[in-house]
Amino acid sequence: MRIALGAVAAVAYAVLLLAPLAVIVYSVSPGAALEIPPSGASLRWYAGLADQPRLISGLFTSLLLGAIATGAALVTGVPAALALTRGSLPGREAFLAVLLSPLSLPGLVLGLGVLTSAAVLANATGIRTAGTLLPLVAAHLLITIPWVVRSVAASLESTDPALEDQARSLGAGPFATLFLVTLPSARAGIVAGAVSAFVISFGNFALSLLLASGRTVTLPVAIYETVDRYQDPTVAAVSTLTIAAAVGAAVLTDRISGPLKTRDSSARSGQPAGPAALEPNR
Amino acid sequence: MDRSRRRVAGLLLLPALLVVAVVAAAPIGLLFRVALYPPGPVAPLTGGPELDSFAGLLGAPYPSVALRTLRLSLLTTVLVTLLGFPVALFLSRSRGLSRRIQTLLIVSPLLMSVVVRAYGWMLILGRQGFVGETLAALSLPRVGLLHTEAAVLLALTESFLPFMILALAASLDRIDPDLLAAARGLGASSARTFFAVVVPLTLPGFVAGASFVLVGSLSAYAIPALLGGSAARTFVMEIYELVTISFDWPTAAAASIVLLLFASALLGGAALLSRRRSARTFGT
């Protein structure tokens with residue numbers, strides 16, 4: 001029985017590995033055409049990235065967008081997580097559902113809504129946001145906040161509020177308690193939430209497609225537009241870099257949440273803390 | 001004390017709620033309004049309000065495209081469940097390093113852009129891709145699977161498999177081992193224990209995973225556009241072309257509203273189902 005399950009699991013894991021592997025192999029191919037069997041390996045397409053202004057600009061746009069969205073998601077999401085876990089609010093579940101709802105909305109539809117709103121805003125007030133990062137930042141903020149909220153709330157829930165009461169009774173003010181006791185104890189959740197938020201923003205495609213134009217074209221959109229038309233291993237090279245970053249982020253969140261998992265409640269539920277515990281959208 | 005604590009909590013919650021209101025609720029409300037303008041190529045967004053754009057969705061090509069989209073989503077959900085359940089069982093029975101490595105294998109793809117993974121499938125399935133070139137090297141006829149529904153189905157299955165594995169594994173991990181021991185102690189065979197105890201207890205995970213996969217694959221754009229193209233047009237691809245090619249914003253907005261309502265109904269139904277189910281199981 002266990003062997004049969006293991007065999008199915010092995011097939012499934014192999015399927016999950018196939019697509020990224022194909023990109024990596026093509027990125028080191030010596031020529032533009034794919035060869036079976038390969039006649040050698042070369043890093044020329046990585047060097048060739050320098051001559052691809054669209055991909056380079058996309059890379060920097062995505063890095064900038066991811067950094068801004070993550071920062072903004074932390075500023076809005078961490079207080080929200082605090083309110084939800086420590087605020088003794090009525091209707092807590094409903095608020096959480098509202099904050100997480102953007103994750104189950106179709107990305108392209110949301111993008112169309114934001115695009116329409118930007119057009120209406122420009123008509124009504126003359127404030128033109130087309131061609132700026134603003135619509136993209138707003139849209140990415142919407143889908144990164146849920147990751148921060150869930151990760152930080154899970155972390156706060158697994159720490160003991162009695163610790164904060166003790167700090168208060170020892171004479172610490174509310175702010176000292178917050179910054180010296182509460183937030184440090186949720187450190188793992190904050191870091192994991194920030195990593196997830198950045199990764200989600202960096203890789204998002206559906207939401208960005210209608211909002212990105214000219215200088216604000218993000219890397220996934222630039223990759224999409226290139227692979228739809230040309231066979232070019234340079235795209236495979238830049239894609240390989242993002243694959244490496246994704247694996248790095250996965251290892252990082254495992255390192256953060258792994259040790260944590262063995263002593264807090266997430267071990268009981270068996271769900272890996274960090275990105276896997278959440279439900280990302282496409 | 002309690003009231004002031006609540007007031008502070010409300011203030012802390014406000015910015016995040018405002019983002020949802022301004023960037024999600026208001027734009028969706030606006031789409032409702034845009035859908036009420038008279039539809040047509042390069043629609044001027046004046047006149048109305050009327051429901052012609054919704055009525056237009058009943059004519060070609062939308063019903064057949066909607067059916068194909070629905071079929072692809074259902075098939076994806078079935079395949080992901082059939083493949084995901086054994087994997088989730090294996091994962092939930094693994095411990096230590098093996099479990100950590102498996103989790104890494106499942107989570108890493110989720111952190112990669114869907115465009116990059118769709119690109120990988122293009123490289124594998126194309127006529128000049130890995131499959132085509134391998135066939136040619138073996139002097140077999142070159143077959144290209146790109147731009148077929150099968151290619152879309154394969155890539156959708158791969159991209160949603162991790163979600164289903166994680167959802168089912170979460171349910172499996174919550175099963176109390178004493179329950180299984182009790183079933184065995186009462187004389188149930190291991191097959192009976194599996195079907196009468198384990199499978200029903202994974203239903204919440206299945207409902208959560210399946211509704212997410214259904215809605216997610218209905219809303220997918222990159223995979224059908226890159227791997228299916230004109231051979232497997234989906235509802236979201238139609239919306240995109242209405243916006244960028246025919247500039248028919250009222251019809252695009254109407255189609256978006258239909259998709260949103262359908263997705264919300266699915267998710268709402270799933271939530272209701274799991275609530276009623278847990279009420280019955282635990283007698284609350």
Side-chain angles (χ1 to χ4, degrees), chain A residues 5-6 8-9 12-13 15-16 18-20 22-23 26 34 36 76-77 79-80 82-83 87-89 95 98-99 102 104 106 108-109 112-114 116-117 120 138-139 141-142 145 199 203 205-206 220 223-224 227-228 239 242-243 246-247 249-250 254 269-272 275-276 279-280 282, chain B residues 5-6 9 12-13 15-16 19-20 23-24 26-28 30-31 34 83 86-87 89-90 100 103-105 107-117 119-124 128-130 133-134 137 158 166 170 173-174 212 215-216 219-222 226 236 239-240 243 256 259-260 267:
Chain A
L5 288 180
V8 178
Y13 296 145
V15 169
L16 290 179
L18 270 181
V23 173
Y26 187 48
L34 225 155
I36 301 282
T76 47
L82 271 171
S88 52
L89 276 175
F95 281 124
V98 168
L99 288 184
S104 37
L108 195 103
V109 167
L112 178 60
V114 174
T116 315
S117 308
V120 168
L141 179 58
L142 183 72
I145 287 177
V199 165
F205 169 71
I223 292 175
Y224 170 83
V227 299
D228 208 18
S239 299
T242 69
I243 290 171
V247 175
D254 176 68
S269 74
Q271 252 184 337
E279 291 166 9
R282 323 257 88 207
Chain B
R5 195 184 172 97
R6 260 185 221 166
L12 290 175
L13 205 51
V19 171
V20 177
V23 193
I28 288 171
L30 199 60
L31 284 181
V34 172
L83 196 54
V87 181
L89 272 176
F90 186 75
R100 277 180 86 166
T103 308
L104 209 61
L105 279 169
V107 173
S108 301
L110 296 180
L111 304 183
M112 296 169 197
S113 182
V114 66
V115 176
V116 170
R117 285 193 289 158
Y119 178 40
W121 286 113
M122 287 174 77
L123 292 174
I124 292 169
Q128 261 78 47
F130 284 95
E133 292 295 332
T134 306
E158 181 260 351
L166 292 172
D173 284 332
R174 255 180 240 126
F212 183 79
V215 170
S219 326
Y221 178 79
L226 286 176
V236 176
I239 297 179
Y240 180 71
V243 175
S256 301
L259 180 66
L260 273 175
L267 292 171

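Each chain gets a letter, A, B and so on, in the order its sequence line appears, and its residues count up from 1.
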Next item on the list: State whether the side chain of A:Thr76 and the backbone N or O of B:Ala16 hold a donor-acceptor pair below 3.5 Å, judged by distance alone.
Entry: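 Pair absent, no side-chain N/O of A:Thr76 close to backbone of B:Ala16.
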Out of [options], return the one with the most heavy atom pairs under 4.5 angstrom to chain B.
options	value
A:Val120, A:Ile223, A:Leu99	A:Leu99
A:Ala139, A:Ala250, A:Pro20, A:Gly77	A:Ala250
A:Leu112, A:Val247, A:Leu141	A:Leu112

Margin query: Quick check for you: among B:Thr134, B:Leu259, B:Ile239, which has the greatest number of heavy-atom pairs under 4.5 Å with chain A?
Written below: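 Top option by heavy-atom pairs under 4.5 Å: B:Thr134.
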Note to self: Tell me which of these, B:Val87, B:Val236, B:Leu83, has more heavy-atom pairs under 4.5 Å with chain A than the rest.
What the structure shows: B:Val87
Nearest 0.5 angstrom please: [X] [atom1] to [Y] [atom2], how far?
X	Y	atom1	atom2	result
B:Ile28	A:Thr116	CD1	OG1	11.0 Å
A:Leu108	B:Tyr240	CG	OH	8.0 Å
B:Leu226	A:Phe205	CG	CZ	6.5 Å
B:Phe130	A:Leu18	CZ	CG	10.0 Å
A:Leu16	B:Leu105	CG	CG	7.5 Å
B:Leu123	A:Ser239	CG	OG	8.5 Å

Check: In terms of heavy-atom proximity below 4.5 Å to chain A, should B:Val23 be classed as side chain, backbone, both, or neither?
Finding: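 The answer is both parts of B:Val23.
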Notebook entry, point to check: Which bit of B:Val20 is near chain A, if near means a heavy-atom gap under 4.5 Å: side chain, backbone, both or neither?
Noted result: both
Can you name the nearest heavy-atom pair linking [X] to [Y], along with the distance?
X	Y	value
B:Gly120	A:Val23	CA-CG2, 3.5 Å
A:Gly87	B:Ala9	CA-CB, 3.6 Å
B:Glu158	A:Val15	CG-O, 3.8 Å

Item checked: Set of side-chain hydrogen bond (donor to acceptor under 3.5 Å, both in side chains) partners for A:Tyr224, sequence neighbours left out -> B:Tyr221
Next item on the list: Please report the C-alpha distance between A:Thr242 and B:Met112 in whole Å, then the side-chain angles of each, then the deciding distance to 0.1 Å, and finally whether the side chain to side chain contact (heavy atoms under 4.5 Å, CB included) criterion is met.
Entry: CA-CA 7 Å; A:Thr242 69; B:Met112 296 169 197; over 6 Å; no
Note to self: Between A:Pro220 and chain B, with a heavy-atom cut-off of 4.5 Å, which part of the residue counts as in contact: side chain, backbone, both or neither?
What the structure shows: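 Answer is both: backbone and side chain atoms of A:Pro220 are under 4.5 Å from chain B.
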Item checked: Residue part contacting chain B, namely of A:Ile145, when any heavy atom lies under 4.5 Å -> side chain
Margin query: Any heavy-atom pair between the side chains of B:Leu13 and A:Pro79 that's under 4.5 Å?
Written below: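 A side-chain contact is absent here, since even the closest heavy-atom pair is not under 4.5 Å.
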Check: Residues in side-chain contact (heavy atoms from CB on, under 4.5 Å) with B:Leu267, at least two apart?
Finding: A:Ser104, B:Ser211, B:Val215
